Amino acid sequence: MTETSDTRSATGEAPEAPRSRLWRLMRYVPLIAPVLLWAVPCWILLHTGQHWPSPVAPIGTALFALGLVGMPLAMAQGHGRRQRDGAAIVGDTLLGGSWVLFTWSVLLGALLRPALAGAGVGDGQDRARIVTWAVLGTTAVLLAWGYAEARRVPRVRRLDVELPRLGAGLDGTRVALITDTHYGPLDRARWSARVCETVNGLEADLVCHTGDIADGTAERRRAQAAPLGTVRANRARVYVTGNHEYYSEAQGWVDLMDELGWEPLRNRHLLLERGGDTLVVAGVDDVTAESSGLAGHRAHLAGALDGADPDLPVLLLAHQPKFVDRAAEHGIDLQLSGHTHGGQIWPFHHLVGLDQPALAGLSRHGTRTLLYTSRGTGFWGPPFRIFAPSEITLLVLRSPRGPAAS
């Protein structure tokens with residue numbers, strides 16, 4: 001478990017960092033990134049001393065150029081106004097494939113070639129060709145494995161979480177967490193049903209979905225989301241919005257989850273009572289809700305806790321880990337979040353860490369607040385998970401006073 005601290009101004013607000021030159025340059029990343037993703041591997045694999053026989057280099061270069069042009073076009077068709085699922089699948093797959101190819105071209109190009117030279121293996125051409133075949137082989141293996149990892153039903157991750165304010169009557173409360181299902185262009189209705197069967201096998205008191213249900217509107221992804229209606233919980237099924245709902249008519253998703261029997265915790269709470277003790281279960285809209293322009297949607301923690309006894313322990317659902325700053329200010333006992341996917345495709349987690357205070361697992365923030373960040377149940381965009389496995393989480397809440405006497 002890691003511990004973090006945050007710095008606040010005298011007014012209680014986080015000081016705003018000045019806009020650096022690097023921050024301003026980040027606006028151009030969408031233009032620069034595709035060029036780097038395709039041009040760097042093209043150069044390393046084809047034009048750094050391999051001296052491939054004709055027509056290998058020209059054909060290979062043409063294929064890289066086709067990827068550079070085709071990927072953004074497919075993604076624009078798939079994720080733009082037309083929302084064409086076939087184009088989205090092509091664009092997302094090319095994005096994931098180019099990221100893996102770029103990563104291992106750079107790593108093996110920088111490490112393997114000097115190692116071969118130091119070992120006296122071949123001449124310059126031989127070493128260059130060995131690097132090329134090593135990169136292509138590594139990429140192929142990782143993409144095949146990553147695809148299988150993305151499409152399988154997640155393994156269940158179990159852990160006990162002690163909450164100092166939890167009453168003995170609530171000791172052993174079972175909380176199942178799914179998040180970031182991201183139903184999308186690839187039809188995963190059968191996968192969704194199997195995930196729900198796994199959740200039902202956990203016999204949880206409380207089942208939580210912390211947002212990013214899908215990429216697309218509720219009407220469009222209804223068939224994939226429908227199995228969520230079969231999820232069972234001893235006490236309650238609760239849901240909060242993620243940022244992706246606000247790309248796809250969020251109110252439609254709130255209404256569908258309500259229809260499926262889940263309680264949308266939109267800046268409100270409910271009480272979970274057992275053995276004479278009470279747990280406040282609260283939820284907030286995603287932090288992007290207010291900027292979406294959708295009337296009535298915003299992240300409002302004070303509203304979520306309105307009317308709750310301040311002496312009771314609080315379990316908070318908030319899609320993004322970075323909401324934990326506000327949770328810690330309010331003395332929340334445990335926040336459940338998703339959003340990060342654990343990076344999804346290594347080493348993307350380094351970039352996620354620039355935006356979020358936690359990547360995965362349990363961490364402490366401030367003097368009281370614990371944060372559990374799930375790596376997510378599904379996948380976003382590229383149908384690959386590499387060194388960032390998906391999960392269904394079972395958290396067993398523990399009281400320091402032990403179980404209530406029977």
Side-chain angles (χ1 to χ4, degrees), residues 1-4 6 14 154 157 159 161 163 175-182 199 204 206-214 237-246 250 253 257 262 264-269 279-289 297-301 304-305 313-344 348-349 351-366 368-380 388-395 397:
M1 212 165 52
T2 59
E3 185 163 351
T4 66
D6 57 344
R157 185 178 186 192
L159 71 157
V161 180
L163 302 181
V175 179
L177 171 62
I178 58 175
T179 184
D180 298 272
T181 42
H182 283 285
V199 172
L206 180 71
V207 180
C208 309
H209 194 307
T210 53
D212 278 10
I213 295 179
R237 297 173 294 172
V238 292
Y239 155 73
V240 293
T241 57
N243 57 303
H244 278 250
E245 277 86 326
Y246 292 99
W253 281 110
M257 290 297 277
W262 292 67
L265 293 182
R266 297 201 47 249
N267 306 316
R268 52 181 288 265
H269 70 270
L279 173 68
V280 177
V281 180
V284 292
D285 292 340
D286 184 62
V287 294
T288 60
H297 286 252
R298 61 174 178 144
H300 184 38
L301 183 53
L305 299 176
V314 180
L315 170 66
L316 174 69
L317 276 62
H319 177 65
Q320 298 195 42
K322 64 185 177 183
F323 195 81
V324 76
D325 282 354
R326 287 182 245 181
E329 285 180 349
H330 283 77
I332 299 299
D333 298 84
L334 174 62
Q335 175 179 317
L336 302 183
S337 298
H339 186 68
T340 69
H341 298 214
Q344 187 165 317
F348 196 76
H349 65 284
L351 297 180
V352 175
L354 297 176
D355 183 55
Q356 299 293 334
L359 186 72
L362 195 64
S363 55
R364 180 178 295 277
H365 302 260
R368 176 191 294 171
T369 302
L370 295 175
L371 165 67
Y372 184 81
T373 305
S374 168
R375 291 187 298 254
T377 309
F379 61 86
W380 169 85
S390 55
E391 67 178 80
I392 295 168
T393 317
L394 179 65
L395 301 103
L397 305 186

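Here the structure is a predicted model, which is why all the values come from computation and not from measurement. Each residue takes its place number in the sequence, starting with 1.
Considering every non-hydrogen atom in both T373 and A358, the closest pair reads OG1-CB, 3.7 Å. In this structure, V240 and L265 approach most closely via the heavy-atom pair CG1-O, 3.5 Å. The shortest non-hydrogen separation linking W253 to A214 is CZ2-CB, 3.3 Å. D286 and A299 make their closest contact through O-CB, 4.0 Å (heavy atoms, listed as atom of the first residue, atom of the second, distance). Closest of all the heavy-atom pairs between G283 and A304 is O-CB, 3.5 Å.
Rounding to the nearest 0.5 Å places OG1 of T377 at 6.5 Å from CG of L177. Taken from CZ in R266 to NE2 in H297, the straight-line distance is 3.5 Å, to the nearest 0.5 Å. Separation of atoms CZ (R368) and CG (D333) is listed at 5.5 Å; rounding is to 0.5 Å. Once rounded to the nearest 0.5 Å, the distance linking CG of L301 with NE2 of H330 reads 4.5 Å. Between the NE2 atom in H365 and the CD atom in E329 there is a gap of 13.5 Å [rounded to 0.5 Å]. Rounding to the nearest 0.5 Å gives a distance of 11.0 Å between CG of L362 and OG1 of T393.
In this view, H269 satisfies the ring-ring contact (aromatic ring centres under 6.0 Å, His included) rule with no residue, not counting sequence neighbours. In this view, Y239 and E245 satisfy the side-chain hydrogen bond (donor to acceptor under 3.5 Å, both in side chains) rule, not counting sequence neighbours.
Residues T369 and L371 form no side-chain contact, since every pair of their non-hydrogen atoms from C-beta on lies 4.5 Å or further apart. In this structure, S374 and T210 have side chains that are not in contact, with every pair of non-hydrogen atoms separated by 4.5 Å or more. Taking the side chain as every heavy atom from C-beta outward, T241 and H319 never approach each other to under 4.5 Å. Under the 4.5 Å side-chain criterion, counting only non-hydrogen atoms from C-beta, H182 is in contact with H341. Under the 4.5 Å side-chain criterion, counting only non-hydrogen atoms from C-beta, L305 is in contact with I332. Taking the side chain as every heavy atom from C-beta outward, L316 and V324 never approach each other to under 4.5 Å. Side-chain contact between L334 and V175 is absent, with no heavy atoms from C-beta onward closer than 4.5 Å. Counting only heavy atoms from C-beta outward, the side chains of L336 and L315 approach each other to under 4.5 Å.
Checking side-chain atoms of T181 against main-chain N and O of I213 turns up a donor-acceptor pair under 3.5 Å. Side chain of R375 to main chain of E391: no donor-acceptor pair is present (N/O by atom type, distance under 3.5 Å, no hydrogens or angles).
With salt bridges taken as basic N to acidic carboxylate O contacts below 4.0 Å, none links D285 and R298.
Counting heavy atoms of neighbouring residues, nucleotides and ligands inside a 6.0 Å radius, atom OH of Y246 exceeds 12 of them.
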